[in-house]
Amino acid sequence: MEPFQLNKHTYNVDNDLNKVIGITSRHGGISEYPNGSLNMSLYIDDCDDFVHHNQKVVAQEIDFSTEQWVFPIQKHGNNIQQVYSEDKGTNVEILTDKWHDIDGLYSYDKGILLTMCFADCVPVYLYSVTNDFIALGHAGWRGTVGLILERLIKAYDGDINDLRCLIGPSISAPCYEVNEDIKEKFLALNLDLEDCFYLNPNDMYDINLQEINKRIALNSGIPEQNIKVTKHCTAKENTEFFSYRLEKGKTGRMLAYIGTRD
């Protein structure tokens, strides 16, 4: 069953652990980038007031106030950061010098919403069923080959069997091609990933980043039954999601998020 289900403007994952897990669609906002969209990023060519309006639309829909959100400055790397209650509000109203070059967040505190922006890259989510651990990673090809999901899994100090992993809406293999050099970087991980690449008529390789992240989770020790992978593709479903590659960079960003309610 597809874990990410549309509410109104957000795709959310049902659970009975007081977790809030999901990603925004492109609908329901007032941004002009693109026109009338729910752009959630302050770092692209959009009006800050529009983004703040969009943030409030999402906050109301998921019932998690923006004062409780945190946001890093992503750089397509594999650096991670632990988040505490006193960090609430970081980079939400205005971007600051805090948490630059961070693409993974984790926390054991309730009442915090970990957030990051996406427009094709893979959002990876972790949470524990026995305590309040949550984590969110931004796994484009660089973050994935840098094993950011493995780093977040290793940050958990409990029993790995208690972890649940969700791999969210992102670009799928038929819509995302890479060259031989990038393919070789992945094969060097020694995770038997050859079948995650498909030679296409352009003599390039379509890459299945969602499956690769699943295998990283498996290799890190998470049981397969504890991993769920979306079927949503940001490029194929461009009427629902932003796609950086399909729209050649001229598009907005979705917001992925995970939190535990107080």
Side-chain angles (χ1 to χ4, degrees), residues 1-44 46-72 74 83 85 87-94 105 107 109-127 132 134-138 164 166-170 228 230-234 237-243 251-262:
M1 178 180 175
E2 169 57 48
F4 289 83
Q5 298 290 334
L6 180 63
N7 181 5
K8 187 176 182 182
H9 307 306
T10 61
Y11 285 80
N12 297 283
V13 178
D14 286 336
N15 67 92
D16 57 1
L17 295 169
N18 218 21
K19 305 293 185 195
V20 178
I21 304 169
I23 190 168
T24 57
S25 73
R26 68 185 293 151
H27 302 299
I30 62 170
S31 288
E32 296 179 352
Y33 196 87
N35 188 45
S37 71
L38 191 69
N39 170 51
M40 299 298 292
S41 172
L42 288 168
Y43 58 78
I44 63 173
D46 195 3
C47 171
D48 287 1
D49 289 342
F50 293 166
V51 177
H52 294 151
H53 172 92
N54 296 345
Q55 290 173 340
K56 290 180 173 62
V57 168
V58 174
Q60 183 174 14
E61 182 164 319
I62 66 175
D63 192 24
F64 223 114
S65 72
T66 56
E67 289 80 8
Q68 298 172 283
W69 297 12
V70 296
F71 182 80
Q74 302 156 222
V83 180
S85 291
D87 296 315
K88 291 177 184 177
T90 298
N91 294 322
V92 177
E93 286 289 324
I94 187 170
L105 298 175
S107 182
D109 293 354
K110 292 182 178 180
I112 295 172
L113 193 73
L114 310 181
T115 75
M116 291 185 196
C117 282
F118 292 81
D120 278 337
C121 293
V122 183
V124 290
Y125 310 74
L126 297 169
Y127 66 93
D132 295 320
I134 53 172
L136 177 65
H138 173 242
R164 301 295 183 266
L166 293 156
I167 298 171
S170 51
K228 293 183 179 179
T230 188
K231 289 182 170 57
H232 289 301
C233 170
T234 49
E237 299 173 68
N238 191 223
T239 57
E240 288 296 313
F241 302 104
F242 300 118
S243 174
T251 193
R253 304 291 187 275
M254 292 92 67
L255 192 79
Y257 48 83
I258 183 170
T260 307
R261 298 192 191 280
D262 286 320

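All of these numbers come straight from a predicted model, not from anything done at the bench.
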Inset, instruction - Over all heavy atoms of both residues, which pair between Tyr33 and Ile44 is shortest? Give the atoms and the distance, please. - result: CD2-CD1, 3.2 Å

Legend entry - Donor-acceptor pair, side chain of Asp109 and main chain of Ser85, under 3.5 angstrom: yes

Inset, instruction - For the residue pair Thr230 and Ile167, establish whether any side-chain heavy-atom pair is separated by less than 4.5 Å. - result: no

Legend entry - Main-chain N/O of Gly111 paired to Asp262 side chain as donor or acceptor, under 3.5 Å: yes

Inset, instruction - Measure the acute angle between the ring planes of Tyr43 and Phe71, then classify it against the limits of 30° and 60° as parallel, tilted or perpendicular. - result: parallel

Inset, instruction - Measure across Ser170 and Pro123 and return the closest heavy-atom pair with its distance rounded to 0.1 Å. - result: CB-CD, 4.1 Å

Legend entry - 4.5 Å side-chain heavy-atom contact, Leu42 and Ile94: no

Inset, instruction - I would like to know whether Tyr11 and Phe241 meet ring-ring contact (aromatic ring centres under 6.0 Å, His included); could you show each step before the answer? - result: CA-CA 10 Å; Tyr11 285 80; Phe241 302 104; 4.9 Å; yes

Inset, instruction - Output the distance between atom NZ (Lys231) and atom CD (Glu237), rounded to the nearest 0.5 Å. - result: 12.0 Å

Inset, instruction - Could you tell me which non-hydrogen atom of Trp69 sits nearest to which non-hydrogen atom of Val92, and how far apart they are? - result: O-CG2, 3.4 Å

Legend entry - Under 3.5 Å donor-acceptor, Ser25 side chain and His27 backbone: yes

Legend entry - Nearest-0.5 Å distance that lies between atom SG in Cys233 and atom CD in Glu240: 12.5 Å

Inset, instruction - Kindly say whether Thr24 contributes a backbone atom to a donor-acceptor pair with the side chain of Arg26 at under 3.5 angstrom? - result: no

Legend entry - Distance-only side-chain donor-acceptor flag, Gln55 / Thr66, under 3.5 Å: no

Legend entry - Which atom of Thr251 lies closest to which atom of Phe242, heavy atoms considered: OG1-CD2, 3.1 Å

Inset, instruction - Can you spot which of Asn12, Leu166, Ile21, Asn15 makes a side-chain contact (heavy atoms from CB on, under 4.5 Å) with Pro3? - result: Leu166

Legend entry - Distance (rounded to the nearest 0.5 Å) between Arg164 CZ and Tyr127 OH: 6.5 Å

Inset, instruction - Could you pull out the closest heavy-atom pair between Gly137 and Met116, with the gap in Å? - result: C-SD, 4.1 Å

Inset, instruction - Under the side chain to side chain contact (heavy atoms under 4.5 Å, CB included) rule, collect the residues that match up with Gln60, sequence neighbours excluded. - result: none

Inset, instruction - State whether a side-chain donor-acceptor pair under 3.5 Å links Asn18 with Thr260. - result: no

Legend entry - Note, Lys19 side chain near Val13 side chain (heavy atom, < 4.5 Å): no

Legend entry - Shortest non-hydrogen contact between Gly89 and Val70, atoms and distance: N-CG1, 4.1 Å

Inset, instruction - State, yes or no, whether a side-chain contact exists between Leu255 and Asn54 at a heavy-atom distance under 4.5 Å. - result: no

Inset, instruction - Can you establish whether the number of heavy atoms outside Gln5 located under 6.0 Å from its atom CD is more than 12? - result: yes

Inset, instruction - Taking Ser41 for its side chain and Asn39 for its backbone only, find out whether a donor-acceptor pair lies under 3.5 Å. - result: no

Inset, instruction - Check for a donor-acceptor pair, side chain of His9 on one end and backbone N or O of Glu61 on the other, with a separation under 3.5 Å. - result: no

Legend entry - CD1-CG distance between Ile30 and Leu38, expressed to the nearest 0.5 angstrom: 10.0 Å

Legend entry - Ser107 side chain vs Val83 backbone, donor-acceptor pair below 3.5 Å: yes

Inset, instruction - Step through the shown structure and confirm whether more than 12 heavy atoms of other residues, nucleotides or ligands are within 6.0 Å of NZ on Lys228. - result: no

Inset, instruction - Indicate yes or no for a side-chain donor-acceptor contact from Gln74 to the backbone of His138 under 3.5 Å, with no hydrogens or angles considered. - result: no

Legend entry - Close side-chain approach of Tyr125 and Ile23, heavy atoms under 4.5 Å: yes

Legend entry - Side-chain donor/acceptor of His52 to backbone N/O of Glu93, under 3.5 Å: yes

